[in-house]
Amino acid sequence: MQNNRDVIIIGAGIIGASIAFELSKKNYRTLNIDRLNAAGAGSTINTCAIIRTHYSTLEGTAMAYESYQHWKNWSEYLEVEDERGYAVFHETGLLILLREGRDMSKHLEYHRQLNIAYEEWDLDTLMEKEPYLDVNTYYPPRRPGDEQFGESTGKKLVGAIFIPGSGYINDPQLSVHNVQRAAEAKGAEFRFKAEVIDIRQEDGCVLGITLQGGEEIDAPVVVNAAGPHSFVINQMAKVDKTMKVGTRALRHEVHYVPAPTDFEIKKHGHVTSDEDIGAYSRPETGNLLLLGSQDPECDPQEWVDDPDNFDREVSDQQWQAQVFRQAQRIPSLPIPGQAKGIVDLYDVSDDWIPIYDKSDLGGFYMAVGTSGNQYKNGPTAGLLMAELIDACQKGRDHDRDPIVIKWPITGVELNTAFFSRNREIHKSSSFSVLG
């Protein structure tokens with residue numbers, strides 16, 4: 001294997017693979033390095049893989065809608081066949097349940113600006129279409145140990161927003177393998193079971209990387225797309241102290257329960273967002289529901305200092321919190337006697353909005369802070385980073401003259417300074433998995 005490339009990408013999840021795909025289209029010789037044994041085997045494999053467009057910012061909404069177009073036409077986007085077949089987008093629609101006081105006006109305004117279809121349901125329509133739901137409100141979300149847990153406020157939900165252009169990907173790891181094959185068809189290379197231990201640099205510029213065992217690979221560009229290990233790689237490159245916004249690893253759980261007998265998956269199996277109980281859900285193979293937390297204040301956050309050493313066992317307390325809260329909304333929800341779920345890490349920025357940017361180290365770029373809400377944006381994140389890297393390597397000062405991208409399908413323009421490492425914290429963010 002040759003010991004030099006144009007670009008080394010650390011990480012082979014959905015973001016890293018998509019960057020390789022887009023850079024390879026521009027004739028960059030890319031090499032993805034991943035410490036695991038396959039593409040998408042890290043935190044991507046455990047993503048809920050939800051495809052949605054409702055974000056708390058116009059920029060996030062536009063990026064998600066552009067990516068949605070690619071997921072909907074996945075094989076056309078890839079331009080290549082995969083011997084394992086294609087990941088499947090189940091377009092179930094997204095149901096956002098609304099309590100009194102839940103202001104969705106800015107989200108709907110973004111959807112109107114971008115011509116994204118949505119429906120507004122009043123309470124009668126919601127009850128007619130989703131009769132299995134308990135429409136009482138329980139806000140704020142509580143944990144089962146709270147003496148007020150399960151007590152209704154005495155009010156009803158006011159209705160819902162339904163966004164038909166939403167759903168989930170059936171196999172997130174297969175989707176990354178699809179992108180790997182697409183990138184390889186353009187000349188990209190992937191190397192697995194290889195761990196980066198040093199970012200070599202000289203005179204303020206990247207020289208390349210050193211792997212465990214001492215092998216050195218040279219490249220004028222190194223991209224950090226390492227997911228929950230992103231802060232470790234930034235420390236290795238000595239850029240972590242030169243940024244206004246940083247990233248940390250957050251332990252997170254999702255859980256599985258059987259679907260109720262009065263719940264028809266094909267009819268009612270939407271992705272559901274329910275701020276009233278602090279939960280989200282989607283259908284899962286095997287007539288199951290996957291349940292997650294929307295990070296309400298009552299749920300403790302467990303930040304992880306060592307992403308190689310954290311508790312991977314499902315917590316009984318968090319399982320009860322998420323499952324019992326969902327049972328408030330779906331009274332017929334079966335509650336198994338044994339907890340079942342997945343535990344993994346999110347790569348979270350200070351405002352839960354990713355950093356897609358250069359760094360103060362010449363040739364070192366970052367696509368980080370992406371976990372929890374950026375899987376769906378893999379295709380657009382790849383394009384954004386490829387445009388940014390290409391422009392900067394050709395001499396553009398991105399800090400002074402930020403790259404503006406016009407998304408090719410929707411035609412919407414995005415000033416990428418929104419994702420700068422030196423931005424002020426975006427107060428418009430949800431500061432949660434919703435982004």
Side-chain angles (χ1 to χ4, degrees), residues 11 13-15 42-44 46-65 67 94 96 102-104 106-107 110 140-141 166 224-231 234 240 243-254 271 273-275 278-280 292-305 307 310 318 322 343-357 366-378 380-381 384-385 414-435:
I14 188 64
I15 304 294
S43 58
T44 299
N46 288 327
T47 178
C48 296
I50 291 172
I51 308 301
R52 60 178 172 86
T53 54
H54 80 292
Y55 274 76
S56 54
T57 64
L58 178 62
E59 292 82 357
T61 305
M63 196 168 177
Y65 188 48
S67 284
L94 169 73
I96 305 171
R102 175 72 166 116
D103 184 8
M104 291 291 294
K106 68 177 181 179
H107 299 79
Y110 300 153
S166 307
N224 180 1
H229 286 77
S230 71
F231 74 96
N234 279 348
D240 57 307
M243 304 158 53
K244 285 187 178 180
V245 180
T247 63
R248 293 188 289 172
L250 177 66
R251 183 183 178 277
H252 224 265
E253 300 186 20
V254 295
V271 176
S273 175
D274 190 348
E275 182 239 15
Y280 66 87
S293 169
Q294 290 189 175
D295 305 292
E297 289 185 7
C298 64
D299 282 359
Q301 292 183 325
E302 186 177 337
W303 300 100
V304 174
D305 294 327
F310 67 97
Q318 190 60 22
Q322 293 181 187
V343 180
D344 214 320
L345 298 178
Y346 283 172
D347 176 30
V348 180
S349 77
D350 296 336
D351 56 8
W352 286 78
I353 290 173
I355 300 168
Y356 297 131
D357 201 3
M366 299 170 291
V368 301
T370 57
S371 293
N373 60 50
Q374 289 296 296
Y375 166 85
K376 63 189 66 59
N377 287 339
T380 44
L384 186 160
M385 290 301 298
L414 171 70
N415 186 330
T416 60
F418 180 81
F419 299 109
S420 170
R421 72 200 183 281
N422 289 325
R423 65 182 181 252
E424 299 300 326
I425 294 296
H426 286 302
K427 294 182 179 179
S428 57
S429 172
S430 68
F431 292 91
S432 74
V433 69
L434 293 177

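For the single chain, residues carry numbers from 1 onward in sequence order. Values below: all heavy atoms of this structure, side chains included; hydrogens, waters and symmetry mates excluded.
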Under the 3.5 angstrom rule, does the side chain of [X] hit a backbone N or O of [Y] as a donor-acceptor pair?
X: Asp350; Y: Val245; value: no
X: Asp351; Y: His426; value: yes
X: Ser371; Y: Asp347; value: yes
X: Ser230; Y: Ala226; value: no
X: Ser349; Y: Ile353; value: yes
X: Asp357; Y: Met366; value: no

## Note on the structure
Between Leu250 and the options Asp344, Leu345, Val304, Val348, the side chain to side chain contact (heavy atoms under 4.5 Å, CB included) test singles out Val348
Do [X] and [Y] have side-chain heavy atoms sitting under 4.5 Å apart?
X: Ser432; Y: Gln294; result: no
X: Lys376; Y: Ser67; result: no
X: Ile51; Y: Tyr375; result: yes
X: Cys48; Y: Tyr280; result: yes
X: Met63; Y: Tyr356; result: yes
X: His252; Y: Val343; result: no
X: Ser429; Y: Tyr55; result: no
X: Ile355; Y: Arg423; result: yes

#### Entry: Residue pair Asp305 / Pro307: nearest heavy atoms and the distance that separates them
O-CD, 3.7 Å
### Task
Determine the minimum heavy-atom distance between Thr370 and Pro354, stating which atoms define it.
CG2-CB, 4.0 Å
### Query
Checking Arg421 against Phe419: charged group under 6.0 Å from the ring centre and within 45 degrees of the axis?
no
### Query
Listed by chain and number, what are the salt bridge (Lys or Arg N to Asp or Glu O under 4.0 Å) partners of Asp295, not counting sequence neighbours?
none
### Task
With sequence neighbours excluded, tell me which residues meet salt bridge (Lys or Arg N to Asp or Glu O under 4.0 Å) with Arg248.
none
Give a yes-or-no answer on whether the side chains of [X] and [Y] include a donor-acceptor pair shorter than 3.5 Å.
X: Tyr110; Y: Glu59; answer: no
X: Asp240; Y: Asn234; answer: no
X: Ser428; Y: Ser56; answer: no

### Query
Passes side chain to side chain contact (heavy atoms under 4.5 Å, CB included), Val271 versus Ser166? Steps please.
CA-CA 8 Å; Val271 176; Ser166 307; 5.7 Å; no
Out of curiosity, [X] [atom1] to [Y] [atom2], how far, rounded to the nearest 0.5 Å?
X: Ile14; Y: Thr44; atom1: CD1; atom2: OG1; value: 6.5 Å
X: Thr247; Y: His229; atom1: OG1; atom2: NE2; value: 12.0 Å
X: Thr47; Y: Gln374; atom1: OG1; atom2: CD; value: 10.5 Å
X: Leu414; Y: Leu384; atom1: CG; atom2: CG; value: 6.0 Å
X: Phe310; Y: Trp303; atom1: CZ; atom2: CH2; value: 14.0 Å
X: Leu94; Y: His54; atom1: CG; atom2: NE2; value: 5.5 Å

### Task
Assess whether side chain to side chain contact (heavy atoms under 4.5 Å, CB included) is satisfied between Tyr346 and Asn373, documenting all intermediate values.
CA-CA 9 Å; Tyr346 283 172; Asn373 60 50; over 6 Å; no
